[in-house]
Amino acid sequence: MRGRSGYGSGAVLQAGGLKRLKKEMSSNAWVVRDEAGLREAVRRLENRPILACDLETTGLDPHRDTVLLVLIGDARLQVAVDARAFDDLRLLKPVLEREGLTVFHNAQFDLKFLKSLNLEVSRPQDTMVLEILLAGGRRVGPRTLKACCERRVGLSLDKAERTSFMNYEGELTDAQITYGLADVLATYHLFLEQTGAIEDAGLGRVARIEGAATDPFAELEYRGIHLDRSSWERLLEEARGAREATLQALRAAVRPVVNPDLFGHVSVNFDSESDLRDLFGRLGYEDLPDLTKATLSRLDHPLATALVEYRVHQKVLSSYGDEFLSHIHPVTGRLHPRFKQLGAATGRCSCEGPNLQSIQGGDRFRGAFSAPNGRMMVTADYSGCELRILAELSKDPAFLRVFQEGGDLHSLVASSMFGKQVSKTENPDLRSRAKAINFGLCYGMGAAGLARQISSSVEEAEDLLDRYFSEYPKVKQWLDMSADVAIGRGYCETMAGRRLYLDDMGDPERRQQIIRQAKNMPIQGTSADITKLAMARVARALRSRGKDAFLVNCVHDELVVETSESDADEVARLVRKEMVSAGEVFLKEVPTVVDVQVARHWAK
DNA sequence: GAGGCACGCGCC
DNA sequence: AAACGGCGCGTGCCTC
C-alpha cells in the first residue's frame, strides 16, 4: 500500500503518555490519497467492532468550511484520508455504515461535517457525552479530549497543532497527520476505559439511548430551522411602538419625584435595578424584596403597572432583536443553534445561539418559524409527560386512574380533591389550584412555595397539600422515598438509569435544595430519557422510509419536524407512532399521549 | 475592554 | 415560619 508512513517522532505523545500508542502509530499508520488506497483501507476496516474517528477541518462551520482529513482506526490500524484528494468519499460508506461502533469525541461536530460530504454514521458513540454521563453532575473538570484522556487514560496530548488546520490550504504536513492520528488513538483508548466505568455504574442503557440520539442532534444542528424574517421584524416593530408608549407612562409616573433635566427630560434608566429601587424608595416603597413582576403587581401604583408593561416589550426587543436575527446563516438562510445533548445535569438537552427552547408560546412568535415553500411543519408534544412519569414512579392507584380515565388532568385532580364538579369552565379556580400543585410537586415544592404560587396563606396551602396527599398518598410516599434514598446513596437516577450525584450536605437550606433536586431529577430526567429515545426512533423511521423530513427543534417534551407537503400526514402519523412507542418503553401503567399538529408553521 | 455576578424572565 | 426543578440570555454593574 502506498502512503505508508512512520510517525514515531513522539512530537504529539508527550512523556507520560502511553508508549503503546506511540508504537501503534509508528507501525500501523497509513495515509490514503488515492482510490486504490482507500479501497484497501476500507477492506481492512469494515469489519472492525470498534473504530475511533476524527475529522480535521478548515473551521467550525459545516456549511462553509471544508474537511481536510478523515482519520479513522483502532489500536491495530489507523488510516488518515486526505479528503481533498477525492471528489467524494462515498467509498467510506461501508466503514461508517458497518455494524460496529464508531467513536468520536464531540460527535456532533464530526457528524455535521460528514453530512456535508453526504456520509452518515450508523452507530456513533461520543466519548464527550459518555464522560458527562459518568460525571453525573459532578464537577470533574473540562470535557476536552485532552482533559478526559489525562483523567482516565493517563495520556497527555499536545494540542498545539490543532490551530494549524484553520483556513489551511497547503499540502498536509506529517505533523498534522500525526496530530490527527494521535487524537483517534486517544479517543479509542478513552472509549475502552469509559466502557468499563459505564457498566460499573449501570449506565449502559442510558449510554445506548444517548448514542442513538447523537446523530439526531447533529442533524438538528446541521439542518437548522427556517424563520420568516419579515414577519419577525414586524413583531419587533410592534414591540418598539408599544415600548415607546409605555415609556411615556413611566416618565409621567415618576415626574412627581424626579427633577427633569435642563431640557425637561426625565433621565432614569428603567432597566437599572438601582435606579428603580431609588424611585420606589422616594414613592414610599422602601423594602421591596425584589422587583419581579409578582411583587410589582401587588403594589397597585402607576409606576409599577407601567414598568410591568414596559418589561413585556423590552423583553421582546432584547431577546428577539438584532442579536437574534444575526444568527440567521448567510449560506442556508436558516437558524442553526447549538443543541447541547447533555446541557442539563438532569439529562435534558439545552440550546443556544439562539435558544429555540425559550421562544414565547402561542402562534405570534412560533408562527414565524415557517416551513419553506412546498413544505410543512409537524409539531408533536407529550401530553402531561412529567405527571405521567410521577404516576408511573409512584404507582399511586388513584393517580394512575386519573390518567387511565383520560380527559382534563387538572380538572380530574381538582374534582377528586374537592369533591366538586370541576372543568375549565366550572370552578376554574379549583382547577388552577390543582394545576399549581401538580406542577409544583414535580419540583419538590413545599407549602410555602405553593402559597406563593397561588397567592394564598401558608395555612391554606398546607391544607391543600394535605387534601392532595390524602387523595394520592403514594405520591407523597414516593417523593419522600426518592429524597431519602438519594441522600442515602449519594445520587438519584432516572428510569433509564441516568444518574445525578448529589453534593455533600451543607447548611439546612442547601440540604432542602438537594432534597428538591432528588425529587425532581428522576421525573425531569426520565422525560429526557423518553424524548431522546423518541428522537432516535423518529429519525430512524423517517430515514428508513426515505422521507424528505427531518427534526428542526426539540423543546424537552416536544419535537418539531419539517417535511415535504406531500408527506405531511404520513410523517405526522409516523412521528406520533414513534414518540408513543418511546414513551411506552418506560410508561407501563399509564398511557402515553402525544398531541400532533400539522401546519405551515411551528404550532402551539 | 473582558469577565463575572445578580437580576429578571422566556421556555418546559 | 416555610425561597419549587432545569436551562439561556439581556441588562446593569462591578472588578481587573
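Note that the structure is predicted; figures quoted are calculated from it, not measured. Lettering follows sequence order; numbering is per chain, from 1. Just so it is clear, the values below take in all heavy atoms, side chains as well, and ignore hydrogens, waters and symmetry mates.
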How far does [atom1] of [X] sit from [atom2] of [Y], to the nearest 0.5 angstrom?
X	Y	atom1	atom2	value
A/Ile209	A/Thr494	CD1	OG1	7.5 Å
A/Ser350	A/Leu342	OG	CG	9.5 Å
A/Glu471	A/Met417	CD	CE	8.5 Å
A/Thr563	A/Leu551	OG1	CG	11.5 Å
A/Leu464	A/Ile437	CG	CD1	4.5 Å

Inset, instruction - Kindly say whether A/Gly347 contributes a backbone atom to a donor-acceptor pair with the side chain of A/Lys532 at under 3.5 angstrom? - result: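 Yes, the answer is positive, given that a donor and an acceptor are paired below the 3.5 Å cut-off.
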Legend entry - hbond_proxy A/Arg516 side chain to C/dG5 base (donor-acceptor, 3.5 Å cutoff):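 Answer is no: no donor-acceptor pair is held.
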Legend entry - Polar side-chain contact A/Gln524-C/dG5 base: donor and acceptor under 3.5 Å: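 By the distance-only test, yes, there is a pair.
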May I have the distance from [X] (atom [atom1]) to [N] (atom [atom2]), rounded to whole angstrom?
X	N	atom1	atom2	result
A/Gln314	C/dG10	CD	C1'	8 Å
A/Asp322	C/dC9	CG	P	16 Å
A/Leu356	C/dC7	CG	C1'	13 Å
A/Arg510	C/dG5	CZ	C1'	13 Å
A/His556	C/dC7	NE2	C1'	6 Å
A/Gln360	C/dG8	CD	P	19 Å
A/Asp529	C/dG6	CG	P	17 Å
A/Leu441	C/dG5	CG	C1'	12 Å

Classify the nucleic acid contact of [X] as base, sugar-phosphate or nothing, counting any heavy atom under 4.0 Å across all strands shown.
X	value
A/Lys519	nothing
A/Gly361	sugar-phosphate
A/Arg311	sugar-phosphate
A/Cys351	sugar-phosphate
A/Ser318	sugar-phosphate
A/Leu291	sugar-phosphate
A/Ala344	sugar-phosphate
A/Arg366	sugar-phosphate
A/Gly440	base
A/Glu323	sugar-phosphate
A/Ala451	nothing
A/Gly321	nothing
A/Val458	base

Could you list the protein-to-nucleotides 12-14 of chain C atom pairs, N/O on both sides, closer than 3.5 Å?
unit_1	atom_1	unit_2	atom_2	d
C/dG12	OP1	A/Asn269	ND2	2.9
C/dG12	O3'	A/Ser272	OG	3.4
C/dC13	OP1	A/Ser272	OG	2.6
C/dC13	OP1	A/Ser274	OG	3.0

Inset, instruction - Give a yes/no answer on whether the side chain of A/Ser350 brings an N or O atom under 4.0 Å of OP1 or OP2 in C/dG8. - result: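 Yes, because at least one side-chain N or O of A/Ser350 sits under 4.0 Å from OP1 or OP2 of C/dG8.
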Legend entry - Contact under 4.0 Å: A/Lys340 side-chain N or O vs C/dG8 OP1/OP2: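 Indeed, a polar side-chain atom of A/Lys340 lies that close.
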Inset, instruction - Examine A/Arg388 relative to A/Phe403 and say whether NZ or CZ is less than 6.0 Å from the centre of the six-membered ring and inside a 45° cone about the ring axis. - result: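 Not flagged: A/Arg388 not positioned over aromatic ring of A/Phe403.
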Inset, instruction - Could you work out the separation of C/dA3 and B/dA6 based on their C1' atoms and round it to a whole Å? - result: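 It works out to 16 Å between them.
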Legend entry - Side-chain heavy atoms of A/His226 within contact of A/Arg334, under 4.5 Å: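 Heavy-atom side-chain distance check passes, below 4.5 Å.
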Legend entry - Student check: side-chain heavy atoms of A/Leu296 and A/Tyr285 closer than 4.5 Å: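 No, every pair of side-chain atoms sits at 4.5 Å or beyond.
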Which atom pairs, donor and acceptor, lie under 3.5 Å between side-chain atoms of residues 513-523 of chain A and protein residues at least two apart or in another chain?
unit_1	atom_1	unit_2	atom_2	d
A/Gln513	OE1	A/Arg510	NH1	3.2
A/Asn520	OD1	A/Gln524	NE2	3.3
A/Asn520	ND2	A/Cys442	O	2.6

Legend entry - Most 5' of A/Ser319 and A/Ala448 on DNA chain C, judged by nearest nucleotide: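 With A/Ser319 and A/Ala448 compared, the 5'-side residue is A/Ala448.
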Legend entry - Closest approach of A/Ile198 to A/Ala207 (non-hydrogen atoms, all atoms of both residues):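 What the structure gives for the nearest pair is CG2-CB, 4.1 Å.
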Inset, instruction - Walking along DNA chain B from 5' to 3', note the first and the last nucleotide with an atom under 4.0 Å from a heavy atom of chain A, and give both. - result: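 The footprint of chain A covers B/dC7 to B/dC12.
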